[in-house]
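Each remark here refers to the structure printed beneath this line.
Below, each value reflects all heavy atoms present in this structure, side chains not excepted, and no hydrogens, waters or symmetry copies.
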Amino acid sequence: MKLLSLKLVRDIRQSIGQFIAIVSVIAVGAFFYAGLITYSDILSAYTKAYFKEHNLSDLNVYYSQISTNDVARLSEIEGINKIEGRYTLDATQAFEGYKASIKIHSIPVKNEINTPTMVEGRIPSKKDEILLDSHYAKEHQVHVGDKINITSNNKDYSFTISGLCENVEYAKKNEIQDHKTFGVAYMAEEAIPEMADGFYNEVLIDAKEGYDLEQLGKSIEAQSKPLSYLNQVSKERTFSYSKLTQTIHNNNLMSKVIPLVLFLIGAIILFLTMSRMIDSQRNQVGIMKALGVKNRTIMLHYMGYPLLVAMIGSILGCFIAAMVFIPLVTASSSRAYALPGIKFALDLYAILPPILFSSAFGLLSCYLSGRTVLKERAAQAMRPKPPKKMKMLLIERIPGVWSRISYSYKLILRNILLNKQKALVSSVGVVASTVLLITAFGTHTALLKVADQIEEVYAYDLRVDYAIGASSEASKFPSGIKQKFDLSAFPVEFIKDDKKEKATLTVTEKENNLIHFFDENNNKLFLENNGVLVPKSYADKYHIGEGDLIQIKFTAPEFKNKMIEMKVLNISTQYSNPSFYSTPAYLKSFDLDYNPSSLLVEANSSTDLVSVRNFFEQDPHVDKITDKTDLKKSAQYIVKQNSFVFIMFIICAVILSFGAIYTISSINIYERNRELATLKVLGYPKYKINGLIFFENIILTSVAVIVALPISGYMYTIIVKALSSAHQQIPDKLNIFTILVSIILSFMLTILANLLLRRKVTQIHMIESLKSIE
């Protein structure tokens, strides 16, 4: 066995490039498996424990106002384990050049639902104390003991920061996790009489284990009829919870599918490699059998190669994942979510599945490759393998065609068409790598297009949002404005069957040309007074078509849950911040008053824009001013969050492609040693022999690329669906330029592999290759 081990080392040294290429393919699979499964498992386990420890509410029920006694009566409903009332309000904090929104909740003395994670300080106990979101505090450089001034309902309040916290209900604040312009705070119950006349407006429900939440929600709604009931939201429909569960599901799916595909490709390459190795060493197998070495021992010797490849590749892939993937995903997670104390570290057990999978595939490929030779007798195995029986190709039987083809192309065609199965298998690695390249480039390009669409859609310079109760209609306007249009955004619920989805209904004039609308073919759409424009993201998810009727429920308290049925005018492509769009005239047809709360402004020039902005900043009725840069943040955030994943996809696709092409080309050269040696003897120059191999690989790559195109479209659709939601649309069509770049890169890798293999052709030993096999 010691001698066989030395022989294994010698075999590896003789084809070290091929060994490295196969190890690289296995390492890529292990890299993705270890990285994705670690991220998915740790995030899943952490969030389950985090939600349980801090008792995330199962239902949030909203009222105009509800007393302590009413909350106590609701607690008697069957299925409720715990119940808490609280007062929630929106406030703003002014900074130089902008205002930040703060969502403030009262916190009960005996808080048992949605309990905060204390970072520093203590929970507020006095009416002038406040518990502040730690990320918001860090962004604005405020600390425990500092005073902050906020405005709510046109009243100013001053609070002292008693502590900093993170809360389970705001693990994900918004799409871009913006801590600068949005924060969360908690005040003592003692502050409620001063700010809310002593009433609650929200009730948190902790349901009993296993109780039907839908039935509980109906019971609460029925019991709330005498009260000023508004709405209720289950935890599955909350923004934070739904985003986290979607991320965990997507990563868990990718951690299984991607590595499995890569390991299968590695198994195919190993099968070809072991077939070539065992075939080239038939005489050595015969000698070992003649010397009395058992078939089992010989098979175990050759199985050492795939085992070694699997172990080195898996360990290397997991090591790189620990050094590269885990730090990147840790940084990405900290930007995307507020999860206190979460740590991502690669578990040593994560190495085992890649080793077991790749070893199993490798051992199977070795067994299938070696069983035929081991069945032969020693004398038969020591003889050179007889040549294959040749047969005429279909193209040879066509009169006048075969004779016109040059000798070089005849050799290429015969080699490919007489070994169709091997040619097909040889193309699998290139197909997979091309699919990865097109998908990675395509998705990254799509995300960039999301950011770029903002320039096409929004033509205004400023959006001015007025404070509650104020309106643009009574305001004065400065000079320097080219055109302006009123606008109002209403929080609504889109309802389809039993499903509900939060949405925004934007109402503006039909003539408003500062917002452009496009369909999926990039044709312009226009607002009309007889329908509503529906975002394509909602239309795709809920199968909405032009002319359909949709149900919209207004969730703002002043509308008292009014529900209307609107006609779909058209489907609008809105990549970022999708909204339903309607006109004041259409809204009025439902007996709803339109009170514009925002203003879109286009300035005459950049100089005028400065003075116009200064004017609105000094207007006491103005709550917030935004420009197109603020709108870009959401799209840019998504690009930034996903860019490292796509970069890794591209790098791994390149490694996979190169490894597959190099290994398969190396095997191709070995199998044609006698043919290539004959050509050398006949005086064929080296460049012509290299040209034969090069052209054959180009043909195989071309076939692989053609096969990869429809598969890439399918893979791209799956990834786009995973990234998209009703609140975020991703372009679902592959860009031609992206496809061309991916295809060119695949051919460049083929050329590089051929250049590196020129040495193998030069080293072909003519006399040894041409020894008689009769």
(message) Around atom CE of Met311, are there more than 12 heavy atoms from other residues, nucleotides or ligands closer than 6.0 Å?
(response) no

(message) Does any part of the side chain of Leu307, heavy atoms only, come nearer than 4.5 Å to the side chain of Leu363, both counted from C-beta?
(response) yes

(message) Side chains of Ile438 and Tyr716, heavy atoms from C-beta outward: is any pair under 4.5 Å?
(response) no

(message) Keeping Thr573 on the side-chain end and Asp519 on the backbone end, is there a donor-acceptor pair under 3.5 Å?
(response) yes

(request) Please tell me if the side chains of Phe325 and Leu36 come closer than 4.5 Å, counting only heavy atoms from C-beta onward. (result) yes

(request) Determine the interplanar angle of the Phe344 and Tyr39 rings, folded into 0 to 90°, and report it as parallel if under 30°, tilted if 30 to 60°, perpendicular if over 60°. (result) tilted

(request) Answer whether the closest heavy-atom distance between the side chains of Leu734 and Thr445 falls below 4.5 Å. (result) no

(request) Verify whether one side chain among Thr47 and Tyr337 offers a donor that lies under 3.5 Å from an acceptor in the other. (result) no

(message) Using only atom types and a distance under 3.5 Å, with no angle test, would you say the side chain of Thr38 pairs donor to acceptor with the backbone of Gly35?
(response) no

(message) Given Ser742, which partner from the list Thr439, Leu437, Val705 fulfils the side-chain contact (heavy atoms from CB on, under 4.5 Å) test?
(response) Leu437

(request) Would you indicate whether the side-chain heavy atoms of Tyr33 and Cys318 approach each other to under 4.5 Å? (result) no

(request) Count the heavy atoms of every other residue, nucleotide or ligand shown that sit under 6.0 Å from CG of Leu348, and state whether that count exceeds 12. (result) no

(request) Say whether, by atom type as modelled, one donor and one acceptor occur between the side chain of Asn735 and the main chain of Phe737 under 3.5 angstrom. (result) yes

(message) Has Ser334 got a side-chain atom pairing as donor or acceptor with Ala331's backbone, closer than 3.5 angstrom?
(response) yes

(request) Answer whether the closest heavy-atom distance between the side chains of Phe19 and Arg13 falls below 4.5 Å. (result) no

